[in-house]
Amino acid sequence: MKIENVKVEDAVELLKIYAPYVEETAISFEYEVPSLEEFSERIRNISSKYPYIKAVDEKGNILAYAYASAFKGRAAYDWSVETTIYVKKENRQSGIGRQLYRELERLLKEMGILNMNACIAMPKGADPHLTDASVRFHKKLGFQLVGTFHNSGYKFNTWYDMVWMEKMIGSHNENQKPVAFYNK
């Protein structure tokens, strides 16, 4: 496996990974799989400032992808990002996600990012559309629970809580150097 930057041309393959998350789970709160055009535009917008990376097998097949995006739109938040990862169904629990997230963290540190944040849907009990696997994954990578938003997402006739988790990856200084947005 190798890790590479995502290209807009990868949108078709990435959508194949993402679609089951939309259609079958409450991991994504989208109700409809985005169009190829919309998804391609998301890749363009995010990768213009932040790492958008993929794990690729020896045949060139994309196994997973991860990216960082703006945490909030104000300049004071430049040192914080929201992180996202999607792993192909058959490749979950294989270590690919961990490797991809570690590389994402390394790239973010190089940029001068200090806070990685993850917004994660959380089941209230046994649920056919959601487990706590994402929370457990983030905990293993050093993220800590920050807070819970109760009943904030509705999908599959069920109300879901959202939890925020964070990981500090740099020093917060009085005269903080500006972020060097990603240059692939």
Around atom [atom1] of [X], are there more than 12 heavy atoms of other residues, nucleotides or ligands at under 6.0 Å?
X: Phe149; atom1: CZ; result: no
X: Glu90; atom1: CD; result: yes
X: Lys124; atom1: NZ; result: yes
X: Gln144; atom1: CD; result: no

Notebook entry, point to check: Are side-chain N/O atoms of Tyr160 and Asp127 paired as donor and acceptor at under 3.5 Å?
Noted result: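 A donor-acceptor contact under 3.5 Å links the two side chains.
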Next item on the list: Go through the side-chain N and O atoms of Asn157 and Tyr154 and say whether any donor and acceptor fall under 3.5 Å apart.
Entry: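 Note: Asn157 and Tyr154 side chains meet the donor-acceptor criterion.
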Check: With hydrophobic residues grouped by side-chain heavy-atom distances under 4.5 Å, do Phe29 and Trp159 end up in a single group?
Finding: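 No; Trp159 is not reachable from Phe29 via cluster members.
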Next item on the list: Would you kindly confirm whether Met165 and Tyr77 end up in one hydrophobic cluster when ILVMFWY residues are joined by side chain heavy atoms under 4.5 Å apart?
Entry: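 Linked within one cluster.
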Check: So do the side chains of Pro34 and Leu15 get within less than 4.5 Å of each other, counting heavy atoms only?
Finding: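 Result yes, sub-4.5 Å side-chain heavy-atom pair found.
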Notebook entry, point to check: Hey, does Met122 have a side-chain heavy atom less than 4.5 Å from the side chain of Met162?
Noted result: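 Of all side-chain heavy-atom pairs linking Met122 with Met162, none is under 4.5 Å.
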Does a side-chain N-to-carboxylate-O contact under 4.0 Å join [X] and [Y]?
X: Lys89; Y: Glu24; result: yes
X: Lys2; Y: Glu4; result: yes
X: Arg106; Y: Glu103; result: yes
X: Arg44; Y: Glu41; result: yes
X: Glu30; Y: Arg42; result: yes

Taking [X] for its side chain and [Y] for its backbone only, find out whether a donor-acceptor pair lies under 3.5 Å.
X: Gln176; Y: Asn173; value: yes
X: Thr148; Y: His150; value: no
X: Lys155; Y: Val22; value: yes
X: Asp132; Y: Val135; value: no
X: Tyr21; Y: Val87; value: yes
X: Asn117; Y: Val81; value: yes
X: Lys167; Y: Leu141; value: yes

Checklist line | Residue list, ring pair (Phe, Tyr, Trp, His ring centres under 6.0 Å) with Phe156, at least two apart or on another chain | finding: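 Residues passing ring pair (Phe, Tyr, Trp, His ring centres under 6.0 Å) with Phe156: His129.
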Next item on the list: Identify, with sequence neighbours excluded, every residue that meets ring pair (Phe, Tyr, Trp, His ring centres under 6.0 Å) alongside Phe137.
Entry: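 Ring pair (Phe, Tyr, Trp, His ring centres under 6.0 Å) list for Phe137, sorted by chain: Tyr101.
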Tell me the closest heavy-atom pair linking [X] and [Y], and the distance in Å.
X: Val179; Y: Gly112; answer: CG2-O, 4.1 Å
X: Thr131; Y: Pro123; answer: O-CD, 3.5 Å
X: Ala11; Y: Ser40; answer: CB-OG, 3.4 Å
X: Ala66; Y: Leu104; answer: CB-CD2, 4.2 Å
X: Leu100; Y: Ala55; answer: CD1-N, 3.8 Å
X: Ile46; Y: Ala68; answer: CG2-O, 3.2 Å

Once rounded to the nearest 0.5 Å, what's the spacing between atom [atom1] of [X] and atom [atom2] of [Y]?
X: Thr84; Y: Tyr18; atom1: OG1; atom2: OH; result: 9.0 Å
X: Ile113; Y: Met168; atom1: CD1; atom2: CE; result: 12.5 Å
X: Leu130; Y: Thr158; atom1: CG; atom2: OG1; result: 9.5 Å
X: Ile43; Y: Asp10; atom1: CD1; atom2: CG; result: 6.5 Å
X: Leu63; Y: Ser94; atom1: CG; atom2: OG; result: 7.5 Å
X: Glu9; Y: Lys7; atom1: CD; atom2: NZ; result: 6.5 Å

Note to self: Students often mix this up, so state it plainly: with edges at 30° and 60°, are the rings of Tyr86 and Tyr65 parallel, tilted or perpendicular?
What the structure shows: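 Tilted.
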Item checked: salt bridge (Lys or Arg N to Asp or Glu O under 4.0 Å) between Lys54 and Glu13, worked out -> CA-CA 11 Å; Lys54 61 187 176 183; Glu13 222 175 323; over 6 Å; no
Note to self: Check for me whether the distance between the ring centres of Tyr50 and Tyr182 falls short of 6.0 Å.
What the structure shows: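 No, the ring of Tyr50 stays outside the 6.0 Å limit from the ring of Tyr182, centre to centre.
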Next item on the list: Taking the six-membered ring for Trp and the single ring otherwise, decide whether the centroids of Phe143 and Trp164 are under 6.0 Å apart.
Entry: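 No: the rings miss the under 6.0 Å criterion.
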Next item on the list: Determine, stepwise, if the pair Asn61 / Val56 fulfils side-chain contact (heavy atoms from CB on, under 4.5 Å).
Entry: CA-CA 5 Å; Asn61 300 310; Val56 181; 5.9 Å; no
Note to self: Walk me through whether Leu108 and Met116 qualify under side-chain contact (heavy atoms from CB on, under 4.5 Å).
What the structure shows: CA-CA 9 Å; Leu108 293 170; Met116 293 173 66; 3.9 Å; yes
Next item on the list: Please test Cys119 against Glu82 for side-chain contact (heavy atoms from CB on, under 4.5 Å), starting from the C-alpha separation and ending with a verdict.
Entry: CA-CA 7 Å; Cys119 185; Glu82 184 175 349; 3.6 Å; yes
Next item on the list: Test side-chain contact (heavy atoms from CB on, under 4.5 Å) on Asn115 and Trp79 and set out the steps.
Entry: CA-CA 6 Å; Asn115 301 6; Trp79 295 268; 5.9 Å; no
